[in-house]
Amino acid sequence: MNSTKRNILITGGAGFIGSHVVRRIVAKYPHYNVVNLDKLTYAGNLANLTAIENASNYTFVKGDITEATFINELFEQYQFDGVIHLAAESHVDRSISNPLEFVITNVIGTVNLLNAAKKLWNANIDNAVTDKKFYHISTDEVYGSLGAEGLFTEKTAYDPHSPYSASKASSDHFVRAYFDTYKLPAVISNCSNNYGSFHFPEKLIPLAINNIKQMKPVPVYGKGENVRDWLFVEDHAAAIDLIFHEGKIGETYNIGGNNEWKNIDLIHLLCKIMDKKLNRAEGTSASLITFVKDRAGHDLRYAIDSSKLQKELGWKPSLQFEEGLEKTVEWYLTNEEWLNNVTSGNYKEYYTAQYSKR
Ligand code: NAD
Ligand code: TYD
C-alpha cells in the first residue's frame, strides 16, 4: 500500500486491539478515509474511540461481517483500497461454551470479506492486483501448544486445540486459499497475547486487575503453569501499521514480545504492582489468588519467533514487560468509569458461572 489517498476498512475497530489500530491509523494518516465496521458485540465499545470519533477522516459503521449482502454493498459504496480485518470472537473460554458462534463470525465473516474484496478488486488468477491489500489479523494460537522448548515460526504446522484457535486457523487457511486461487492480494500476521489499555476484563490481565482492585478472588486456572508470550498492545498496533504498508503480499509475519511468563509468576508480579499503586501492605493482593478448575484443553505454552518481522521490516517491541504492566495498571486505576461500564450487567453473571472453585 502506498501512502496516497485511500479508503481503508478496519473491521472490529471498537474492540481491544482494533481500537488501538483505528486511533493510530486515523491520527497518523489524515489523507486516508478510515471506515471502522463493528457489530458492537459485548466486546465492542465506542468509548474506546472518543479520541478520534470526530476526526474528518473517520467513519463508524455498525454492522455484521456475517451478512454477505450488506458487506458487498459496503465495499461497493466505499470502494475500499485496503482492509485490516480484526473483527472476531476472541475469547477461548467463550469458544468452549459456544463454538458455533466462533465458526459463524470468524470463518464465515472472514470469507464474506474475502469475497467482497475479490469482487471489488476483480481478483482472479489472470489479474495481478498490486495496489490493494487485504490484511488478516490472526493469533499464535493456531500453531497449537509448545512443550518446554522451541518457538513458533511462520513455518510451524497449524495444530489448533480450542474452538477459538480452530476457527482462526480456518480463517487463515481461507485467506491463503484466496491468495493461491484468485491472487487476492492478502497478507496475514499471527500475534501472541496482547495486554494494555481498553482490554476487556474477561481476559487474564484486566480481569486480575479489576478483581484485585475490588479485593475479589483472582482465578488462576489449574496450577498456573501455562506460559504465554505477552506483547504490549501498542507494539502490536505498530506492527500492524508496518505490515499493512510494507508487508509482502502472500506472506505471513509472526509478532511476539519475546516475553514469556508462567501465569502464576505474572499474577504475582501484578499483585506486587497493585499493592504498591493502591498503598496496600505487601502480600494483600497475592492473598486473593485462587486456584480454580483448569480450562478444558488448556494449551501449555505459546512462544513466538518474530525474527522475520524484525529482520525484514525492522519492527521491534518498544517496552519492557514490567514497564508495560505498570502503565496498564495505571490506566485501569485512572479509567474507573470505563471499567465500571464494561463490568456491569450480563458480563458479571456470565463470569460468576465460570468460577468453579477446585
Ligand atoms: P475483541 O474481542 O476485543 O474485539 C473484537 C471486535 O470485533 C469487537 O469490537 C466486536 O464488536 C467485533 N465483532 C465481533 N463480531 C463481529 C461481527 N460479526 N461483525 C463485526 N464486528 C464484530 O478482540 P481483540 O482482542 O481486540 O482481537 C482482535 C483480533 O486480533 C482478533 O481477530 C483476534 O483473533 C486477534 N488477536 C488477538 C490477540 C489478543 O491477545 N487479544 C492476540 C492475537 C490476535
Ligand atoms: P486469556 O487472557 O484468556 O488468553 P488466552 O487464553 O487467549 O491465552 O488467558 C491467558 C492465560 O491465563 C491462559 O493460560 C488462561 C489463563 N487464565 C487464568 O488462569 N485465569 C483466568 O481467569 C483467565 C481469564 C485466564
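Whatever order the structure lists ligands and atoms in, that order sets their numbers, starting from 1.
- Close approach to V92 involves these atoms of ligand 2, each under 4.0 Å from a residue heavy atom: 6 (O), 7 (O).
- Only the side chain of N226 comes within contact range of ligand 2, with a heavy atom under 4.0 Å; no backbone atom does.
- Counting atoms of ligand 2 from 1 in the listed order, those under 4.0 Å from a heavy atom of P219 are 18 (C), 19 (O), 20 (N), 21 (C), 22 (O).
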Ligand 1 N/O to protein N/O, distances under 3.5 Å:
from     : atom 1 : to   : atom 2 : distance (Å)
ligand 1 : 2 (O)  : S90  : OG     : 2.7
ligand 1 : 3 (O)  : F16  : N      : 3.0
ligand 1 : 9 (O)  : G15  : N      : 3.0
ligand 1 : 9 (O)  : D38  : OD1    : 3.2
ligand 1 : 9 (O)  : D38  : OD2    : 2.6
ligand 1 : 11 (O) : D38  : OD1    : 2.5
ligand 1 : 11 (O) : L40  : N      : 3.4
ligand 1 : 11 (O) : T41  : N      : 3.0
ligand 1 : 11 (O) : T41  : OG1    : 3.1
ligand 1 : 18 (N) : D64  : OD1    : 2.8
ligand 1 : 19 (N) : I65  : N      : 3.0
ligand 1 : 21 (N) : K39  : N      : 3.1
ligand 1 : 23 (O) : S90  : OG     : 3.3
ligand 1 : 26 (O) : F16  : N      : 3.4
ligand 1 : 26 (O) : I17  : N      : 2.8
ligand 1 : 32 (O) : L86  : O      : 2.9
ligand 1 : 32 (O) : K168 : NZ     : 2.7
ligand 1 : 34 (O) : Y164 : OH     : 2.6
ligand 1 : 34 (O) : K168 : NZ     : 3.1
ligand 1 : 40 (O) : N194 : N      : 2.9

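- When heavy-atom distances to ligand 2 are checked against a 4.0 Å cut-off, D299 has no atom that comes that close, whether in backbone or side chain.
- No donor-acceptor contact under 3.5 angstrom links the side chains of N340 and E337, judged on distance only.
- If you check the side chains of Y58 and N36, you find a donor sitting under 3.5 Å from an acceptor.
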- Query: Checking salt bridge (Lys or Arg N to Asp or Glu O under 4.0 Å) for the pair K276/E326: CA distance, chi angles, key distance, verdict?
  - Reply: CA-CA 10 Å; K276 207 171 73 189; E326 280 211 25; 3.4 Å; yes
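- Near V220, meaning under 4.0 Å from one of its heavy atoms, ligand 2 places the atoms 19 (O).
- A donor-acceptor contact under 3.5 angstrom links the side chains of S197 and H20, judged on distance only.
- Atoms of ligand 2 lying under 4.0 Å from at least one heavy atom of E202, given by number and element, are 24 (C).
- By the 4.5 Å heavy-atom criterion applied to side chains, H199 and Y332 are counted as neighbours.
- Legend: residues meeting side-chain contact (heavy atoms from CB on, under 4.5 Å) with S285, ordered by chain and number and at least two apart, are I212, C271, M274, D275, R280.
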- Query: Could you walk me through whether H173 and Y158 pass the ring pair (Phe, Tyr, Trp, His ring centres under 6.0 Å) check?
  - Reply: CA-CA 10 Å; H173 289 319; Y158 277 29; 5.0 Å; yes
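- For F75 and F80, the distance between ring centers is under 6.0 angstrom.
- Residues that satisfy the side-chain hydrogen bond (donor to acceptor under 3.5 Å, both in side chains) test with D180, not counting sequence neighbours, are absent from this structure.
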Which pairs of donor and acceptor atoms, one on a side chain in residues 140-152, lie under 3.5 Å apart (sequence neighbours left out)?
from : atom 1 : to   : atom 2 : distance (Å)
E141 : OE1    : Y302 : OH     : 3.2
Y143 : OH     : N254 : OD1    : 2.8
S145 : OG     : L300 : N      : 2.8
S145 : OG     : R301 : N      : 3.4

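- If you number the atoms of ligand 2 from 1 as listed, the ones under 4.0 Å from a heavy atom of H298 come out as 13 (C), 14 (O), 15 (C).
- For the residue pair N115 / Y178, a side-chain donor-acceptor distance below 3.5 Å is found, with atom types taken as modelled.
- For ligand 2, the atoms closer than 4.0 angstrom to any heavy atom of L207 are 22 (O).
- In this structure, R24 fails the cation-pi test against Y29, since its NZ or CZ atom is not both closer than 6.0 Å to the six-membered ring centre and inside 45 degrees of the ring normal.
- Between R295 and ligand 2, a contact under 3.5 Å exists for at least one N or O pair.
- Nearest-residue assignment for atom 23 (C) of ligand 2 (options W261, Y221, W230, F291; heavy-atom criterion): Y221.
- Comparing heavy-atom distances from atom 7 (O) of ligand 2 across R94, E141, R301 singles out E141 as nearest.
- When only interatomic distances are considered, the shortest N/O to N/O separation between N193 and ligand 2 falls below 3.5 Å.
- Counting the atoms of ligand 2 from 1 in the order shown, those under 4.0 Å from a heavy atom of H91 are 3 (O).
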